[in-house]
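Here's the structure we're looking at; comments come further down.
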Amino acid sequence: MSADPASPGVLIGGAGPSGLVLALTLLTNGIPVRIIDKARDFPLVQRGSGIQPRTLELFHYLGTLSDMQAIYRPLLPVVEYKPGQVEPVKTSYMMEPVEPTPDVPYPNPILLGQGYTQQILRAHLEKLGGAIETETELRHFGQTADGVTVTLVKQRNGEEVIETASFRWLVGTDGGKSGVRKQLGLSFEGQALKEHSIHGELYVEGLDADHWHRWLDWQNPTIVTVVLCPTEVKGQFFFLTGGHVNYSELVEDQEKLLQAMRDFIKRDDIKLSNIRHAVEYRPQARIVEKYNLAVLMPAGFYKMPHTCTARREDRHGLNTSVQDAFNLGWKLALVEKGLAAPSLLSTYSEERLPVAKRMIQETLGIYKVVMDSALQGANASKARGAHIKQLGVNYRWSPIVLDERNPVDKQQTVDALDVYGKLGGDGVPRAGDRAPDAPGLVEVKQGSGATRLFDIFGPTHHCVLIFCADASTARPVLEAVQTLPPKTVTSVVIYPQTASRKPPVAYADLVLADFEGHAFKVYGCPADSTTIVITRPDGVIGGTVFGDEGVKKYFKGIFSTV
Ligand SMILES: Cc1cc2nc3c(=O)[nH]c(=O)nc-3n(C[C@H](O)[C@H](O)[C@H](O)COP(=O)(O)OP(=O)(O)OC[C@H]3O[C@@H](n4cnc5c(N)ncnc54)[C@H](O)[C@@H]3O)c2cc1C
Ligand SMILES: *[C@@H]1O[C@H](CO)[C@@H](O)[C@H](O)[C@H]1NC(C)=O
Ligand SMILES: *[C@@H]1O[C@H](CO)[C@@H](O)[C@H](O)[C@H]1NC(C)=O
Ligand SMILES: *[C@@H]1O[C@H](CO)[C@@H](O)[C@H](O)[C@H]1NC(C)=O
């Protein structure tokens with residue numbers, strides 16, 4: 001297979017968060033892509049604005065996190081009022097902020113409007129030479145023996161221009177209303193929730209920008225809630241409202257909508273004006289039932305439930321679809337490079353579908369608890385376990401992970417698996433788990449300048465971390481790594497904090513000393529024996545093994561060329 005930039009083998013249909021993350025992952029791997037979107041432009045609307053820690057880590061690997069950090073805001077506490085009263089009823093966090101730890105450097109969800117997230121991803125795409133073809137709609141596609149033929153319809157000067165083109169891969173990242181999914185006849189499982197709301201953005205005077213503000217009155221005959229959340233732009237707030245109202249009428253008549261919200265909150269000291277946009281949102285909790293085909297891979301078909309009790313944080317749409325795209329990206333890159341068999345791609349669905357299914361159960365579960373507690377005035381933050389941060393999401397059952405340290409029974413039914421890592425466990429990471437960070441690693445050769453694992457991991461390569469006291473045990477492992485395709489695996493020898501001698505080792509890409517002792521500790525490796533941890537390009541532990549045989553066995557499951 002060739003990687004000819006003039007004729008990309010991959011078409012990405014839809015430039016939302018999933019399409020952009022997939023495009024960035026592929027371009028970073030040197031795989032040219034075409035990415036299209038039927039939209040003319042991408043307004044800076046909020047949509048989902050909460051981003052979970054696991055998603056932040058992925059943005060770190062893609063190199064986009066620092067740009068996001070420049071503008072994102074922390075999750076703000078929520079002030080709750082009774083209509084007409086200035087004194088708040090209570091102030092609480094939906095999720096209490098916690099301090100970073102060596103293994104979890106980004107422990108708290110943050111807020112960044114989806115429009116801004118996409119803007120930053122687009123800027124990075126352009127830096128890598130990618131460009132979105134806007135006003136270009138994927139209209140039809142058909143499968144051929146070695147790929148897919150598509151019909152693209154472009155709006156050019158008011159006219160439709162039709163293009164037919166062929167690709168090896170089409171990835172449909174075209175969102176909740178996906179035409180790709182429909183044409184493939186894939187079912188969209190789940191349920192449309194009854195709860196219904198209007199959200200958008202408006203201008204607010206007289207409210208501080210350090211909190212979310214929420215009014216609730218379940219007894220009110222019309223609107224029952226208004227939520228106002230500050231955004232990236234001063235004075236501009238995200239709003240959410242709903243109740244026993246005629247939704248389409250309010251969305252159409254913004255003056256009426258403004259007045260209805262004013263009448264509900266009954267606060268002359270707060271001025272609401274100038275609705276920038278307002279949409280009706282009928283929450284859905286759905287996923288595509290099987291999202292992997294040999295040639296066509298629809299990704300990211302999520303629309304998450306979301307409620308008029310203003311639990312904006314209860315939707316995981318972006319988080320999950322972005323993680324889907326990252327999971328698919330490195331695998332597709334290896335297949336396009338001719339280093340892995342197309343069957344590797346089926347593990348995308350095998351790994352992600354149980355996570356997506358569980359996510360929907362979780363969301364519905366949390367939703368119910370939140371609804372109930374809102375009705376009873378209880379503290380809803382209790383409903384939200386730390387697993388919502390998705391740091392425990394794992395693929396321990398995946399056919400391509402290998403755990404020689406704590407083998408699991410992969411025949412268990414998916415329902416029996418702890419997909420979200422809620423059970424906690426003994427603190428020893430398993431193959432299939434998120435690969436933790438560890439700072440304070442010093443290069444033996446230079447003897448100064450510390451690095452951390454998160455700066456060694458990345459979407460272009462696996463890492464073979466050899467935790468060892470004795471360099472001689474590393475040698476056969478490094479020889480095994482030498483036989484793997486070049487530039488796809490980084491070998492890292494890590495000596496314990498306590499090692500008296502830290503000699504350099506031939507063939508290792510990096511030789512580090514664990515000066516602060518974090519790496520051995522969080523990976524559960526004893527200082528007096530050798531443990532090998534293989535991390536994947538998506539920041540997941542692919543294998544924990546004890547020697548060169550284990551390393552070879554793991555990579556036989558990935559590369560077709562070894
Ligand atoms: C009005 C609205 C409000 C939402 N609010 C929230 C929220 O508050 N919280 C939340 O978590 N989630 C929300 N969501 C869902 C959330 O935005 C999605 O989960 C998230 O955007 C998923 O990203 P995606 O890239 O998969 O899809 P999308 O962001 O939907 O991107 C799909 C892209 O594909 C393009 N496209 C579609 N069809 C074609 C075609 N045939 N050819 C070419 N391009 C095409 C679209 O123009 C779009 O740019 C909302 C969605 C909508 C529509
Ligand atoms: C809500 O619960 C959290 C976590 O238990 C607690 O820290 C907070 O103070 C509570 N808030 C209120 C208003 O009870
Ligand atoms: C809601 O308002 C629209 C006009 O915007 C009207 O056509 C429709 O009949 C109303 N629906 C109900 C149930 O009153
Ligand atoms: C991401 O997940 C968080 C927590 O569940 C949620 O608050 C947020 O709305 C989700 N964001 C998107 C865009 O789906």
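One-based numbering along the sequence shown. The analysis underlying the following values was restricted to heavy atoms, covering all of them including side chains, and did not include hydrogens, waters or symmetry mates. One-based numbering, in listed order, for ligands and for the atoms of each.
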Given D253, V245, N246, identify the one with the heavy atom nearest to atom 13 (C) of ligand 3. N246

Minimal heavy-atom distance between A325 and V21, with the atoms involved, is CB-CG1, 3.9 Å

With a 4.0 Å cut-off, strictly under, does atom 9 (O) of ligand 3 pick up any protein heavy atom? no

Counting each atom of ligand 3 from 1 as listed, which ones have a heavy atom of E252 under 4.0 Å away? 5 (O)

Closest heavy-atom pair and its distance - I132, A15: CD1-CB, 3.7 Å

Closest heavy-atom pair, P88 versus V79, reported as atoms and distance to 0.1 Å, is CB-CG1, 3.3 Å

Considering heavy atoms of the protein only, find what lies nearest to atom 4 (C) of ligand 3 and give residue, atom and distance to 0.1 Å. E249 CB, 4.5 Å

State, to 0.1 Å, how close L125 and L24 come at their nearest heavy-atom pair, and which atoms those are. N-CD2, 3.6 Å

